[in-house]
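In each ligand, atom 1 is the first atom listed, and ligand 1 is the first ligand listed.
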Amino acid sequence: MSTLIKMSNGHPSSYSHFGNQQQQVRGDARLDEHSGQADRGERMEQIFGADVFSERVMQQRLPKDVFKRMQLTIQHGEPLDADLADIVASAMKEWSLDRGATHYTHWFQPLTGLTAEKHDSFIAPDGRGGAITEFSGTALVQGEPDASSFPSGGLRATFEARGYTAWDCTSPVFINRNGGSATLCIPTAFVSWTGVALDTKVPLLRSMEAVSDQAMRVLRIFGTATGVTRVMATAGCEQEYFLIDRAHYFAREDLLSCDRTLFGAKPPKGQQLEDHYFGSIPTRVIAFMGESERELYRLGVPLKTRHNEVAPGQFEFAPIFETANVASDHQMLVMETLRRVAARHNLACILHEKPFKGINGSGKHLNWSMSTNTGVNLLDPRDDTHSNMQFLVFLCAVIRAVDMHADLLRASVASAANDHRLGANEAPPAIISIYLGDMLTNIVEQLEKGGAKSTIKGGKLDLGASTLPQIPRHTGDRNRTSPFAFTGNKFEFRAVGSSQSVGWPATVLNTIVSDSLDYCATRLEKELGEKFTEAKLQSAVRGMLQELVKKHKRVLFDGDGYTKDWHAEAAKRGLPNLTESVAALSVLKVKKNVDLFKRFNVLTKQEVESREHIFLEKYVKQVLIEAETALVMGRTQILPAALRQQIELAEVVAVTRAADADESEARTALDDFIGLVNNLRNAIKTLEEATTADEHEGEIHSHAEHVRDDIRPAMNALRDAADAVEMSVAADLWPLPTYRAMLSIR
Ligand code: ADP
Ligand code: MG
């Protein structure tokens, strides 16, 4: 436990260092669960953070010396002593009871990809027929959930069921309101009783520590570390999602069980007209958005942007960035809240990466940078970028990291769901490359030649009408086809899937960049020694950057990532193209990667291997559930509908013949349709055979390969057969909500 407190290097309100948001916590904010109603008429800054035990609340509620000591623990990782924990726990309890809470829970993120909680009431009998409330420091700091029902990837036998949760005081405690119940939630790490990380938080915190240590070394070399105690990875996660009518969701087995449609012919109007993106937001949707925002504001989640996305029925939320750990916790709350609030609006929020075939899927762009605790963004190029050597070191460190560990980045977003998206012509390809834009590309080219002497300026754009302002023009366009793009003062990792936790991709990004910063710092420290002049520093850095660019420029690509040419070119450059998840996940245990995680104390070999196992297992389970669902729907809904249609067509033939009319056209239609039905039957049979041939007890790799090579293609074939039938069945006989109906959310 104390190690977790030790490694903590943020503090509950650490995000106030970066964003312009302010936590405003007022004791008088309303407590009603359906805060959407209750909050109307309140100023939003009063709502924001109302359910967060923030630094501000601590200052109000804790004795002065305890508040100070608490901040020391939180900010400098000093161990929390037991009596301090008792006082903090008591203040938390009183604060949450004041706000209507009845229960508390350790809130953690096991490797299911979801959050977990087990509530305990504050209540304790007083022995005289009444009750008191209790919440001890021990209960705050440590929990002991049964770990045996969470994925461990073979890390422990089921008889070793003990697991621990440990308070992560870098992420603020909050009150979760649901179904009229208010629960005090304590963000915690989750480990096995031998201390092995069983969650996404522990490695993320460890990787943030690594980034901080290595980035500080670089700052010290540049003499910019004065007053800085740590560097934090920052993250802002754009969340794409679909909304459909809840009745449609419940009318489809596939959505209910798999969160995506396994069948469905293309609608006549898809996204061809491009009329949805940034379109005016439908009333029903904005009601949902507003309520989601108000709930998330109460939890201190700084949502900033909302808009329609490209596909019909698709929307997006984006928050202001925060420290990566807090952003990751908040991201989980965003997903949970969207699902919950949607239900109240008779909507279903679909977070799956590819719910509808032939329609854009959903991603979660992970915007990432590094910032000092004094608020300096280390990826901010500033004005005369060519002379900003420190920025160029951080930039080239990221370039090196992505080139050397593109395989790991790709693995960090691998899932059965994301396979439908990556590489299709809507999302970045599975080839990981970096887009820099004109200005930085030009500087990098100069660096390669031995030193940068100028920065391209964007200039002004004259709109040709005197009443319109002249606007400053960016030096580079956007490139939506790049999986990893520099966007002004941060990188945007766009291959992340919409339903996944950002904790894992952020962990990988932090780790690979730590490795590069370590490389740069070590090299410069060696070359420069203890004392050196500015000129010597400049020349050492120039030499290093030149070499880095030469070595790693193959990962830079500013063109259209969707084209075949790029695939060929990337192959020529030797960039990995892991087109599907089984291959992508298999790189985790490669020695280079295991060593890397170990070197930066992010994951042990055992922890890496368990993750590979858990992710493959999840892949297998997800696809098998889909296959079973497809079979049930095929057998019990689609085939019966087809047979009814067949009867109708046969009747038409008989009736036409009985009327002495020419039945040959009707006959052809019937024959054609019987052909479609036979295809459907055969496809069902093939998928049945593929699923029954599924015998891979205990060998997860061959099992995943079987699922990939036999079951997925059989599912695709069944889908094609069923979609062809759908196009020929009378609308009143078709048992499923159609794409057209589902995607017309108004
Ligand atoms: P864009 O339009 O290029 O996507 P935005 O300014 O809209 O850029 O930002 C998109 C996301 O990037 C937001 O969630 C924002 O908070 C996040 N972001 C901005 N700066 C940073 C940063 N320094 N570190 C991490 N995320 C950032
Ligand atoms: Mg963006």
Side-chain angles (χ1 to χ4, degrees), residues 10 14-22 48 204 207-208 211-212 215 230-241 277-278 293 296-297 300-310 315-335 338 362-382 388 390-391 394-395 397-398 427-428 434-440 458 471-496 498 502-503 505-507 509-510 513:
S14 50
Y15 35 92
S16 60
H17 288 303
F18 314 113
N20 47 11
Q21 74 280 10
Q22 285 288 319
F48 192 84
L204 177 58
S207 73
M208 289 180 63
V211 168
S212 183
R230 63 214 149 99
V231 167
M232 274 153 318
T234 55
C237 319
E238 301 164 54
Q239 175 74 54
E240 294 178 344
Y241 58 92
Y277 190 57
F278 281 14
E293 281 162 342
L296 287 162
Y297 287 160
V301 180
L303 287 188
K304 177 81 174 160
T305 327
R306 60 188 190 198
H307 61 82
N308 288 3
E309 253 304 324
V310 171
F315 306 90
E316 179 181 306
F317 268 128
I320 294 171
F321 67 95
E322 306 176 274
T323 32
N325 177 38
V326 176
S328 168
D329 282 359
H330 280 171
Q331 227 299 299
M332 299 307 285
L333 288 177
V334 168
M335 291 196 284
L338 296 191
S362 300
K364 177 146 47 202
H365 296 173
L366 170 57
N367 293 273
W368 178 94
S369 186
M370 292 162 281
S371 173
T372 65
N373 64 316
T374 50
V376 178
N377 177 2
L378 299 175
L379 287 176
D380 184 349
R382 315 244 185 93
N388 187 350
Q390 181 180 300
F391 163 78
F394 280 99
L395 177 79
V398 176
I434 300 179
Y435 171 85
L436 286 182
D438 293 347
M439 187 268 277
L440 287 185
I471 51 176
R473 203 177 80 102
H474 283 91
T475 49
D477 196 4
R478 284 168 181 262
N479 182 330
R480 290 168 63 99
T481 70
S482 174
F484 201 86
F486 187 80
T487 47
N489 56 6
K490 65 194 186 279
F491 277 99
E492 187 170 338
F493 185 23
R494 299 189 177 125
V496 182
S498 51
V502 296
T507 299
L509 200 43
N510 293 341
V513 172

#### Entry: Within-cut-off N or O pair, Thr487 and ligand 1, under 3.5 Å
no

### Query
Is ligand 1 under 4.0 Å from a heavy atom in the side chain of Asn367, in the backbone, in both, or in neither?
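Both backbone and side chain of Asn367 come within 4.0 Å of ligand 1.
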
### Query
Heavy atom under 4.0 Å from ligand 1: found in Lys304's side chain, backbone, both, or neither?
neither

### Task
List in chain and number order the residues that pass salt bridge (Lys or Arg N to Asp or Glu O under 4.0 Å) with Arg306, two or more places apart in sequence or in another chain; answer none if no residue qualifies.
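Partners of Arg306 by the salt bridge (Lys or Arg N to Asp or Glu O under 4.0 Å) criterion, ordered by chain and then number, come out as Glu293.
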
Nearest neighbour of [atom] from the list [options], on a heavy-atom basis:
| atom | options | value |
| --- | --- | --- |
| atom 5 (P) of ligand 1 | Glu238, Lys490, Gln239 | Lys490 |
| atom 20 (N) of ligand 1 | Trp368, Phe317, Phe321, Phe491 | Phe321 |
| atom 13 (C) of ligand 1 | Ser371, Ala327, Pro319 | Pro319 |

Would you mind reporting whether [Y] and [X] have side-chain heavy atoms less than 4.5 Å apart?
| X | Y | result |
| --- | --- | --- |
| Phe317 | Leu296 | no |
| Glu316 | His365 | no |
| Pro505 | Lys364 | no |
| Asn510 | Trp368 | yes |

### Atom indices of ligand 1 within 4.0 angstrom of Ile320 heavy atoms, with elements
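It comes down to these atoms of ligand 1: 16 (O).
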
#### Entry: Atom pair CE/OG1 of Met232 and Thr372 - distance to nearest 0.5 Å
7.5 Å

